[in-house]
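Inspection log for the structure reproduced underneath, given as structure tokens.
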Amino acid sequence: MTDAKPHGRLRPARPEQVAGGAGTGRDTAGGAGTGRDTTGGAAGHGGTGGGNTGAGNTGAGNTGAGGSPATGVGTAGAHPRGAHARLNPAAELGFSGDPEQHGDHGDELLHAQRIWDGTLATNRLDDAGLNAERQRVETKDVTAAVSLLVDGWPEDVRACVESLLEHTHVKVLAIDLGDVDGAGDVLAGLAERHPDRVTLWRVAEQPHWRGGTATWGESRAKLLRLDDSEVHVLMETSVALRGDALTPLLAAIAEGATAAGWHGADLYDDGLREAGPGRVQALTGEIVAVRRQAALSALPEDAHYVRNADLALSLGLRGELVVPEGTPPLVRLNAHDVPADYADREARRNYDDALRLTRR
């Protein structure tokens, strides 16, 4: 395909520093008007805008929805002719207007409360999506695709794919193994309705856990080589999105990480321990984004089953592995149970292979 294609939109993967978010999106103008509409972006993308309604934008020289005249810098001519400046505008904000006066203690408390309320409002704006919007802008030119391995559970396949179509704009690449319980037919219907978003390959081989020859590693390797995106996202059909779970992962990779996921782990002598947010030793869970070029040499193609195969993949990567801040907007669907003895045996095999990677 395009394995030699340069990553023109991604920064080079860096081995040391943790991929961190730059800036908070908060107002750094000290509350002064800037002449810009500061609610359009938040309301347009977050839906809430931290309580802004779009009617009260008060850039320099503008008036609010109530029609009160502007009083700030650059508002010459805004007052009615003959009107005088307020004698003590500072007092309206809880300050004493006289430098020799210290004001009433209650005024100080009122001013402190207003500062606190303003800080909370700013934080709510951040939560409403300003940081997410910054990440979307930074990753808009990064190409990515989500890969799915379908081996049953048709209703979960439908929920998973529909959530990707609703909450993301990336391509969906899927391989169906043997149309287990009609899952392949469900996916074929989605691909027919969304041909620009969903690409499906169907094979007759049954999945390995059902006694067939189609293993997790070989199937995932085929999807990886069929992809020509810069970032390849491995996702399990046992989860669905409840929001944009991909952009924070893409942003971490765009800032220099090799891979990013919503669940991290560090290795200790007694086993794995949950880790993150920030830089971690390994990535686990049902959704992991990775630079495709890096994954080509790290994917454990000999893994028969999914459990702990993600661990082996992440330990085989060179560079930073990152868990973003925040709660992942994901929901787990039904448990995709396979025969217990098979799952335990293959999970132990993958875990041992992963540990060998740490001893190199």
Side-chain angles (χ1 to χ4, degrees), residues 10-22 131 135 139 144 146-147 216-217 220 224 231-236 238-239 241 245-332 335-336 343-360:
L10 290 178
R11 299 179 188 174
R14 62 190 184 214
E16 299 272 332
Q17 294 177 317
V18 177
N131 189 54
Q135 291 179 335
T139 60
V146 172
S147 66
W216 182 92
R220 282 291 180 186
L224 185 61
V231 178
H232 186 83
V233 183
L234 295 85
M235 183 172 177
E236 299 300 321
S238 58
V239 295
L241 306 188
L246 295 189
T247 295
L249 305 184
L250 298 181
I253 293 175
E255 291 169 357
T258 297
W262 284 108
H263 299 284
D266 286 342
L267 290 170
Y268 294 86
D269 291 340
D270 59 349
L272 293 175
R273 297 181 191 173
E274 186 175 353
R279 186 177 179 181
V280 297
Q281 291 181 332
L283 295 169
T284 62
E286 298 88 354
I287 180 168
V288 173
V290 60
R291 293 174 184 253
R292 189 180 65 87
Q293 291 283 359
L296 286 168
S297 59
L299 187 78
E301 294 190 36
D302 59 345
H304 295 160
Y305 181 55
V306 60
R307 190 178 300 170
N308 290 333
D310 50 2
L311 179 64
L313 167 62
S314 59
L315 290 176
L317 294 169
R318 294 184 178 181
E320 280 184 357
L321 309 179
V322 172
V323 175
E325 298 276 354
T327 302
L330 301 169
V331 60
R332 283 187 170 86
H336 289 191
D344 291 342
R345 180 181 70 251
E346 295 301 330
R348 169 53 61 180
R349 178 175 176 268
N350 291 340
Y351 187 79
D352 291 343
D353 288 345
L355 290 183
R356 278 193 285 272
L357 293 172
T358 66
R359 304 188 187 107
R360 287 179 177 178

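Within a 6.0 Å sphere centred on CG of Asp269, other residues, nucleotides and ligands contribute 12 heavy atoms or fewer.
Listed by first and then second residue, the ring-ring contact (aromatic ring centres under 6.0 Å, His included) pairs that reach into residues 265-291 come to none, sequence neighbours excluded.
Without hydrogens or angle criteria, Ser314 side chain to Ala282 main chain gives no donor-acceptor distance under 3.5 Å. Looking at Glu274, its side chain never comes within 3.5 Å of a backbone N or O of Ala265 through a donor-acceptor pair. Within the 3.5 Å criterion, the main-chain N or O of Ala347 finds a donor-acceptor partner in the side chain of Asn308. Judged by distance alone, the side chain of Trp262 and the main-chain N or O of Val288 form no donor-acceptor pair under 3.5 Å. Judged by distance alone, with hydrogens and angles left aside, the side-chain atoms of Arg291 form a donor-acceptor pair with the main-chain N or O of Ile253 at under 3.5 Å. In this structure, the side chain of Arg349 does not engage the main chain of Tyr305 through any donor-acceptor pair within 3.5 Å. Here the side chain of Asp266 pairs no donor or acceptor atom with the backbone of Arg273 at under 3.5 angstrom.
Contact detail for Ala354 and Leu315: the closest heavy-atom pair is O-CD1, 3.5 Å.
A salt bridge does not link Arg356 to Asp352: none of the charged side-chain nitrogens sits closer than 4.0 Å to a carboxylate oxygen. Under 4.0 Å is where a charged nitrogen must lie from a carboxylate oxygen, and between Glu236 and Arg307 no such pair does. Classification of Glu286 and Arg332 as a salt-bridged pair holds, one side-chain N sitting under 4.0 Å from a carboxylate O.
For Thr258 and Arg318, the side-chain atoms include no donor-acceptor pair closer than 3.5 Å.
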